[in-house]
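Here is the naming used below: chain letters follow the sequence lines, and residue numbers restart at 1 for every chain. Note that the coordinates shown come from a computational prediction; the quantities given were computed from them, not determined experimentally.
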Protein chains: 2
Amino acid sequence: MNTHVTQGQAIAATARLVEPPSKLDEQDPLCHPARDEIELAAVLHALSDPMRLRIVAGLAREDKRTCGSFDLPVTKSTCTHHFRVLREAGLIRQRLEGTTRLNSLRREDLDVRFPGLLESVLQAAERR
Amino acid sequence: MNTHVTQGQAIAATARLVEPPSKLDEQDPLCHPARDEIELAAVLHALSDPMRLRIVAGLAREDKRTCGSFDLPVTKSTCTHHFRVLREAGLIRQRLEGTTRLNSLRREDLDVRFPGLLESVLQAAERR
DNA sequence: AGTGTAGTACGACGTTCGTCGAACTTCCTG
DNA sequence: CAGGAAGTTCGACGAACGTCGTACTACACT
C-alpha cells in the first residue's frame, strides 16, 4: 500500500548514492553534488534549520568565509555537521585553503536549477 | 556555550506556543497561525517532505481539494499528520465542510510574508 | 436505525536529526 | 621541532519525525 521509504532515507539516497559520480575522486573528501543533482527536498530540508539558515544568510552578506567566522552557539563538531549538510544538499561549496575551508554560496547553480528560490529565502530570512 | 535547543524544539515552540492566541477558540480543533506568526523555518521544514510537497503542488494546481482526493501512498492517519504539519506551518487552510475538510493554499498570506517564496518552490517542484 | 464515508486521536515502532565530547589530522608559525 | 589553530571523525544520547494500526467521531445517505 505504501513505499515504506521515509523522508530521510529518500534524501540520504539522493544525497549519497547519486552524488559519487560527480566528485568522489581520489583523496578529496569534499564531494559536492553536480548542479543537476541538487534536489529540491534536500535544499529545503537544509534550509529548515535555524543554524544553517543563519550560515547561508551570513554567506550571502559576505562570500568566501571560513567556518569559524560565524561564531555559532554550537561546538565545532556540530558546526562541521551543518556545513556538511549544506554542502551535500548543494547549497554551498567548500574549498580547502591551508588549514581552513572557504565556504561560498552556490548562487548561480541554485538559480539555474531553482530560479528565484534562494533569493526569496534570503530575503525572507533577512527582514526579521 | 550553546542554547541546547534543538531545531524541532524551536519549531514546536513557534508552532504550538505562538499559535494559540490566533485561533484557539472554543470547539474548533483547526487552529491556523496568523499571517505574522508564520515562521520561515517551519514553512521550509513543512515543504522539505516529498509527500507534503506533493500535496502543496497538487493544491496549487487545483484549490479547495479534500484530503482524500490526493491518493497518496500512505495510510489515512499519516495523511492527517501531513495535513496538520502543513496547516500548523501556515501553508494551508482547512475548512470543515460536512464530513470532509476543504484544503486551500494560503497563497496571499505567504506572498505577503515571504514574497516569491511559494511561487519559486512551486515552480521548482513542477518541472521534474 | 443502520451502514458508509471522511477524517481524527492515540500509542507504538524504527529512523533520522541535532548536539556533544574526546581523539585525531593538517597546516601554519614561532 | 614544538605548539597552536581549524576542522574532521566517531560514538553516544535524547528529541523529533514519518509511518502504521486500531479505535473513535461526525456527518450523510439510504
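When the P atom of C/dT16 is taken as reference, atom CG of A/Asp49 falls 18 Å away, rounded to whole Å. Regarding B/His82, its NE2 atom lies at a distance of 12 Å from the P atom of D/dC17, rounded to whole Å. A/His45 places its NE2 atom 9 Å from the P atom of D/dG18, with the value rounded to the nearest Å. Distance B/Leu30 CG to D/dT25 P: 18 Å, rounded to the nearest Å. Going from atom CZ of B/Arg54 over to atom P of D/dG18 covers 15 Å, rounded to whole Å. The CD atom of B/Glu88 sits 14 Å away from the P atom of D/dA16 (whole-angstrom rounding). Between the P atom of C/dC10 and the CZ atom of B/Arg84 lies a distance of 9 Å, rounded to the nearest Å. In this structure, B/Arg52 atom CZ and D/dT19 atom C1' are separated by 12 Å, rounded to whole Å.
The stretch residues 56-64 of chain A does not touch DNA chain C, since none of its heavy atoms comes less than 4.0 Å from the strand.
Once rounded to the nearest 0.5 Å, the distance linking CG of A/Leu47 with CG of B/Leu40 reads 8.0 Å.
Hydrophobic clustering, with ILVMFWY side chains joined whenever heavy atoms are under 4.5 angstrom apart, keeps B/Met51 apart from B/Val85.
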What's touching nucleotides 3-7 of chain C from the protein side, N or O pairs under 3.5 Å?
from: C/dA6; atom 1: O4'; to: B/Thr99; atom 2: OG1; distance (Å): 3.1
from: C/dG7; atom 1: OP1; to: B/Thr66; atom 2: OG1; distance (Å): 2.3
from: C/dG7; atom 1: OP1; to: B/Cys67; atom 2: N; distance (Å): 3.0
from: C/dG7; atom 1: OP2; to: B/Gly68; atom 2: N; distance (Å): 2.9
from: C/dG7; atom 1: O3'; to: B/Arg101; atom 2: NE; distance (Å): 3.2
from: C/dG7; atom 1: N7; to: B/Lys76; atom 2: NZ; distance (Å): 2.4
from: C/dG7; atom 1: O6; to: B/Lys76; atom 2: NZ; distance (Å): 3.1

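Every residue meeting the side-chain hydrogen bond (donor to acceptor under 3.5 Å, both in side chains) condition with B/Arg95, not counting sequence neighbours, appears here in chain and number order: B/Glu97. Legend: residues meeting side-chain hydrogen bond (donor to acceptor under 3.5 Å, both in side chains) with B/His81, ordered by chain and number and at least two apart, are absent. Applying the side chain to side chain contact (heavy atoms under 4.5 Å, CB included) test to B/Ser69 and every residue at least two apart in sequence or in another chain returns B/Arg65, B/Thr66.
Phosphate contact (OP1/OP2 of D/dT8, side-chain N/O of A/His81, threshold under 4.0 Å): absent.
The minimum heavy-atom distance between A/Ile38 and A/Gly90, with the atom names listed, is CD1-O, 3.7 Å. In this structure, A/Ile92 and A/His32 approach most closely via the heavy-atom pair O-CD2, 3.5 Å.
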Give every donor-acceptor pair under 3.5 Å between a side-chain atom in residues 54-62 of chain A and any protein atom, sequence neighbours left out.
from: A/Arg61; atom 1: NH1; to: A/Glu126; atom 2: OE2; distance (Å): 2.9

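Under 3.5 Å, the side chains of B/Gln94 and B/Arg101 contain no donor-acceptor pair of N or O atoms.
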